[in-house]
Amino acid sequence: LISWTSLIAVLAQNGHLDQAKQFMEKMPQPNLVSCNTLLAAFSSSGRVTEAKEGFNSVPERDMASWSSMLTAYTHNGRLEEAKGLFDEMPSRSLVSWTSMMLVYGQNGHLDYAKSVFDSMPERDLVAWTSMLAALVHNSRFDDARLLFDSMPQKDLIAWTTMLLGYIQGGLIFEGKALFDSMPERNATAWNCMLGVYAQKGHLANATKIFQGIPAQDQGLISWSAMLAAYCHHGHFEQGFEAFQAMKMVVESPDEVCFTLLLVACSSQGEVYTGRCVFTSMSVDYGVVAGKQHYACMVDLLGRSGHLRSARELIGSMPFVED
RNA sequence: GCAUAGGACGCCCG
């Protein structure tokens, strides 16, 4: 029985949700943990309807079942449904309180978030950090700093959240100072710092940060931040050089990387290169063209006078035109 | 003993 459960967990956590679901149906005696595992997997991949079905079919729900269902709503912006579920819960835990606080914060109800935080029966590090994130999300950077300074404990995520607060508030120097004083850093922290320079087009600073990232933390997001730095600021050649370099070390470029390259082509009027990138994306990398990619291509073709090609491309889109 | 629930990072669009 445990092996069925573990199998389902492994499948679900690696994105093989449909297979996990099939095993679940074949399982002789579905138990609470396996139900919850599947529910959690649907929840974190945004499949809310299936999460709900799973939730309804859990025989005796425990805290994990309720919390996973709540997360399915909160992570998908379903504030009303989250509220309803929260009110229905037979008992509430730190986890569910924290989820509610966050969803309020993320939907512009900072006042509610704060009152949840203040009225929570107990608060742990995650609760504090979530409140911090809610403040940052609502651009209350000064309050965020005050809260940060008053936190009983801080871990890497708390530090990174505060860093993000400075960055989003445009306080780059303060952010850099905080970054420099962090007790430890992980990939996310590095990427936040890199991202702000990349976005502002401070290429020298971005490069310096990028080069400082330890190899194990230098992932797809770091590379796309560098790509963005080049592609958004008119450095077409360097963007493509970075793309070549990236392919040597990173898993494989994703749809974001290709959007960036196409944006660069588009702003340079590089029709030929743009067409190559667009084709190569799906043929060589198996990345399915999304709306962003089509939009860039149509823009590129249209503005370079290839109106017929642009119209043909629009006609071939697997989307409704808009 | 083992397996399931809450917090931070990249492009575009909203």
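Model, not experiment: these values are computed from the prediction. Lettering of chains follows the sequences in order, A, B, ..., and the numbering in each one begins at 1.
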When the ring centroid of [X] is compared with that of [Y], is the distance short of 6.0 Å?
X: A:Trp190; Y: A:Phe179; answer: yes
X: A:Trp66; Y: A:Phe55; answer: yes
X: A:Phe141; Y: A:Tyr166; answer: no

With a 3.5 Å cut-off and just heavy-atom distances, do the side chain of [X] and the base of [N] make a donor-acceptor pair?
X: A:Ser130; N: B:rG7; value: no
X: A:Asn186; N: B:rA8; value: yes
X: A:Asp124; N: B:rG7; value: no
X: A:Ser99; N: B:rG6; value: no

Remember a base hit wins even if backbone is also touched, and classify [X] as base, sugar-phosphate or nothing at under 4.0 Å, heavy atoms.
X: A:Ile157; answer: base
X: A:Gln13; answer: sugar-phosphate
X: A:Ala127; answer: base
X: A:His293; answer: nothing
X: A:Ile8; answer: nothing
X: A:His75; answer: sugar-phosphate
X: A:Asp217; answer: nothing
X: A:Asp62; answer: nothing
X: A:Thr37; answer: sugar-phosphate

Just compare [options] and give me whichever is closest to any side-chain atom of [X].
X: A:Val33; options: B:rG6, B:rU4, B:rG10; result: B:rU4
X: A:Ala40; options: B:rA5, B:rC11, B:rA8; result: B:rA5
X: A:Thr129; options: B:rC11, B:rG6, B:rG7; result: B:rG7

Can a donor-acceptor pair be found between the side chains of A:Asp118 and A:Ser115 at a distance below 3.5 Å? no
Do side-chain atoms of A:His233 reach the backbone of A:Tyr230 as a donor and acceptor pair under 3.5 angstrom? no
